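Report on the following structure.
As the structure is a prediction and not an experimental result, all values here were calculated from the model.
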Amino acid sequence: MEVVILGAHGTWPSAGGATSGLLLRQDGFSLWMDAGTGTLANLQQHIGLFDVDAMVISHSHPDHVTDLYAYYFARMFSPEHPPNIPLLVAPKVMDRVNPLLTDDQADLRVAECFDVVEVQPGEEHRIGPFRMVTAPMRHTVPTIGVRMEADGFAMAYSADTGPTEELVGLARGADLLIAEASYQERSGTELPPIHLTAKQGGEAATEAGAERLMLTHIRPYLDRTRSREEASTSFDGEILMAEEHQVVKVG
């Protein structure tokens, strides 16, 4: 399995960056997971615009879904007009997407470009060569954490979440845990339990017995070196810092 980082920033991107997005490749199959701001442009530096075989959206927040609009328009209005692909989404994603595809002249329908499947947290699905296992994350909207398995190897992705045993279970024995790190530790400050600190990401990786940890969803104003150092206090394995266009082999 190959994982390409399309977007590594949380909430908004810095110059040249992008918010959340991954490209998973296995046996010639390309899966785009989360479509944050800037990920569509980055995607095209790795595969062709219409070489995506399926998409997964973890939740409805804009920094994970914004470029789905641009990709819809590309598939809808390109002279190639490629055939539909599967679009697996967490609950309420389409409630946010559909209203913005309505203009004064016509209703533009996602179903004209995608075969939409709403995924309830905890469901499992088969997507091409991947077995996708999901779990409910601790966030402000319904959010699915995702575990992707292929050829005996596994990658787990937290999407957005606060501390939860569901993430630990999802990442159990994974070769790679990609965990959000929106926060850094603040002495005497209680942080809202809807995101992780880098240290908490490390704790989840340790409890799950994950082989490697990658920190992502890091807000532009945070010191990335400090985030890595905080994670190292709770996880002894290899720690990677997600960067746009980074390619990681799993297995």
**Message:** So does Gly17 get a backbone contact from the side chain of Glu244, meaning a donor-acceptor N/O pair under 3.5 Å?
**Reply:** no
In terms of heavy-atom contacts, Phe130 and Ala150 come closest through CD2-CB, 4.1 Å
Compare all side-chain heavy atoms of Tyr72 with those of Val97 and state whether any distance is below 4.5 angstrom. no
In short, side-chain hydrogen bond (donor to acceptor under 3.5 Å, both in side chains) pairs touching residues 122-133 with sequence neighbours left out are Glu123-His125, Glu124-Arg131, Arg131-Glu149
| Backbone N/O of Leu40 and side chain of Asp67: donor-acceptor pair under 3.5 Å | yes
Nearest heavy-atom approach of Ser14 to Pro220 is N-CG, 3.9 Å
**Q.** Check: Met1 and Leu24 side chains under 4.5 Å, non-hydrogen atoms
**A.** yes
Other residues, nucleotides and ligands only: do more than 12 of their heavy atoms fall within 6.0 Å of CG on Asp236? no
Between the CE atom in Met148 and the CE atom in Met132, the distance rounded to the nearest 0.5 Å is 5.0 Å
Donor on one side chain, acceptor on other, Asp34 and Ser58, under 3.5 Å: yes
*Using a 4.5 Å cut-off on heavy atoms from C-beta on, say whether the side chain of Val168 contacts that of Glu207.*
yes
Polar side-chain atom of His81 near backbone of Met76 as donor-acceptor pair, under 3.5 Å:
yes
Nearest heavy-atom contact between Ala198 and Leu215 is CB-CD1, 3.8 Å
Cut-off 3.5 Å, side chains only: do Gln200 and His195 have a donor facing an acceptor? no
Could you tell me if the side chain of Ile47 sits less than 4.5 Å from the side chain of Arg25, heavy atoms only? yes
Quiz item: Is there a path of hydrophobic side-chain contacts, each under 4.5 Å between heavy atoms of I, L, V, M, F, W or Y residues, that connects Leu167 with Phe235?
Solution: yes
- Item | Steps toward side-chain contact (heavy atoms from CB on, under 4.5 Å) verdict (Val248, Arg212) | CA-CA 11 Å; Val248 179; Arg212 290 183 292 171; 3.7 Å; yes
d(Thr39 OG1, His9 NE2) to nearest 0.5 Å is 13.5 Å
Original post:
Just wondering, do Met33 and Leu31 contact through their side chains at under 4.5 Å, heavy atoms?
Top reply: yes
Open item on the list: Between Arg224 (side chain only) and Ala242 (backbone N and O only), is there a donor and an acceptor less than 3.5 Å apart?
Closed with: yes
Answer whether the closest heavy-atom distance between the side chains of Ile5 and Glu243 falls below 4.5 Å.
no
- Query: Does one side chain, of His64 or Asp160, offer a donor that lies under 3.5 Å from an acceptor on the other?
  - Reply: yes
- Message: Is it the case that the side chain of Thr206 and the backbone of Glu203 share a donor-acceptor pair, with hydrogens and angles ignored and the cut-off at 3.5 Å?
- Response: no
Pair Ser60, Asp95 - check side-chain contact (heavy atoms from CB on, under 4.5 Å), show working. CA-CA 8 Å; Ser60 62; Asp95 291 346; over 6 Å; no
Open item on the list: Do Thr197 and Glu185 pair up side chain to side chain, a donor and an acceptor below 3.5 Å, judged on atom types alone?
Closed with: yes
- Counting only N and O atoms by type, is there a donor-acceptor contact under 3.5 Å from the side chain of Asn84 to the main-chain atoms of Ala111? yes
Between Leu213 and Ala179, the two heavy atoms sitting closest are CD1-CB, 3.9 Å
- Task: Answer yes if Ile127 and Met55 sit in the same cluster of Ile, Leu, Val, Met, Phe, Trp and Tyr residues linked by side chain heavy atoms under 4.5 Å apart, and no otherwise.
- Result: no
- Task: Evaluate side-chain contact (heavy atoms from CB on, under 4.5 Å) for Phe114 paired with Leu68, printing each intermediate quantity in order.
- Result: CA-CA 11 Å; Phe114 301 103; Leu68 178 60; 3.9 Å; yes
Separation between CD (Glu2) and OG (Ser30), nearest 0.5 Å, reads 9.0 Å
Separation between NE2 (His61) and CZ (Arg96), nearest 0.5 Å, reads 5.5 Å
I'd like to check Thr66 versus Thr19 (side-chain heavy atoms, cut-off strictly below 4.5 Å). Are they in contact? no
Indicate if Val116 and Val65 have the same hydrophobic cluster label, given that clusters are the connected sets of ILVMFWY residues with side-chain heavy-atom separations under 4.5 angstrom.
yes
Subject >> Any donor-acceptor pair under 3.5 Å from Arg172 side chain to Ala210 backbone >> reply: no
Is a side-chain donor or acceptor of Thr225 paired with a backbone partner of Asp223 at a separation under 3.5 angstrom? no
| Just by distance, with hydrogens left out, do Thr161 and Glu180 show a side-chain donor and acceptor under 3.5 Å apart? | no
d(Ile144 CD1, Glu118 CD) to nearest 0.5 Å is 10.0 Å
Exercise for review: For the pair Tyr183 and Leu196, evaluate side-chain contact (heavy atoms from CB on, under 4.5 Å) and give the outcome as yes or no after the intermediate values.
Suggested key: CA-CA 6 Å; Tyr183 297 149; Leu196 296 175; over 6 Å; no
Smallest heavy-atom separation, Leu170 atom then Tyr157 atom, equals CD2-O, 4.1 Å
Hydrophobic clusters here meaning ILVMFWY residues chained together by side-chain heavy-atom distances under 4.5 Å, can you tell me if Ile194 and Ile218 are in one? no
Between Gln184 (side chain only) and Glu230 (backbone N and O only), is there a donor and an acceptor less than 3.5 Å apart? no
Going by atom types only, do Asp63 and His217 share a side-chain donor-acceptor pair under 3.5 Å? yes
Using side-chain heavy atoms (C-beta onward) and a distance below 4.5 Å, is His59 in contact with Pro142?
no
Cluster link Met241 to Met214, ILVMFWY, side chain under 4.5 Å
no
Would the distance check show the side chain of Thr164 and the main-chain N or O of Met137 forming a donor-acceptor pair, the cut-off being under 3.5 Å?
no
Rounded to the nearest 0.5 angstrom, the CZ-CG distance for Phe29 and Asp53 is 4.5 Å
For Leu222 and Ala181 the tightest heavy-atom approach is CD1-O, 4.0 Å
